[in-house]
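Worksheet: the structure to be examined is printed underneath.
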Amino acid sequence: MTSTQGHQGHTGHTGHTGHTGHAGHRITVEPGTEHVRVVHDGQVLAESRRPIVLRETGCPVRYYLPPEDVRTDLLTASDTRTHCPFKGDASYWSLPDAADLVWAYPDPKPEVAPIKDHFCFYETETVTG
């Protein structure tokens, strides 16, 4: 059985709760044991059994994957950059037919330090069974 998560904002953090100074906003980051996979047009772009799981108020759960588990050879760095007040500045990578499909935080805020240089995709499947 496979479930797919769509995109709706980015998230990330490990083992502790981030205090953001915004009432009601919370980020947690912790090592995960889920088996996750990213497939685009039939090609596996990433597969990991050691994601960092980031939960953020108002956003879907995000899996940040270690670079060793991502086909970085298929990705091209993009000029796109975004800023999150809770996580920091994100850099993006693309495929020839999918712009800005994956992002990472090269220098995240201390509260979410474990996501540093880990890749997060908009569409990540959780593999079960």
Any donor-acceptor pair under 3.5 Å linking the side chain of Thr57 with the backbone of Arg26?
yes
Aromatic ring pairing Tyr92/Trp103, orientation class (parallel under 30°, perpendicular over 60°, tilted between):
tilted
Mind listing the closest non-hydrogen atom pair of Pro85 and Lys109 along with its distance?
O-CE, 3.0 Å
Could you list the residues that satisfy side chain to side chain donor-acceptor pair (under 3.5 Å) with Asp97, not counting sequence neighbours?
His40
For residues 38-48, which residue pairs qualify under salt bridge (Lys or Arg N to Asp or Glu O under 4.0 Å), counting only residues two or more places apart or in two chains?
Arg37-Glu47
Sorted by chain and residue number, the side chain to side chain donor-acceptor pair (under 3.5 Å) partners of Asp89 (sequence neighbours excluded) come out as His83
Do the side chains of Tyr63 and Cys120 get nearer than 4.5 Å, heavy atoms only?
no
State which residues pass side chain to side chain donor-acceptor pair (under 3.5 Å) with Glu34; sequence neighbours excluded, sorted by chain then number.
none
Which heavy-atom pair separates Phe121 from Arg62 by the least distance, and what is that distance?
O-NH1, 3.6 Å
Taking only residues two or more places apart in sequence or in another chain, which ones pass side chain to side chain contact (heavy atoms under 4.5 Å, CB included) with Arg50?
Ser48, Pro66, Glu68, Asp69
Residue set satisfying side chain to side chain donor-acceptor pair (under 3.5 Å) with Thr80, at least two apart, ordered chain then number -> Ser78, Asp100
Shortest non-hydrogen contact between Gly88 and Tyr105, atoms and distance
O-CE2, 3.4 Å
List in chain and number order the residues that pass side chain to side chain contact (heavy atoms under 4.5 Å, CB included) with Pro96, two or more places apart in sequence or in another chain; answer none if no residue qualifies.
none
Is the shortest heavy-atom distance from the side chain of Leu95 to the side chain of Leu75 under 4.5 Å?
yes
Minimum side-chain heavy-atom gap Asp117-Pro106 below 4.5 Å
yes
Please report the shortest heavy-atom distance between Phe86 and Val112, naming the atom on each side.
O-CG2, 4.2 Å
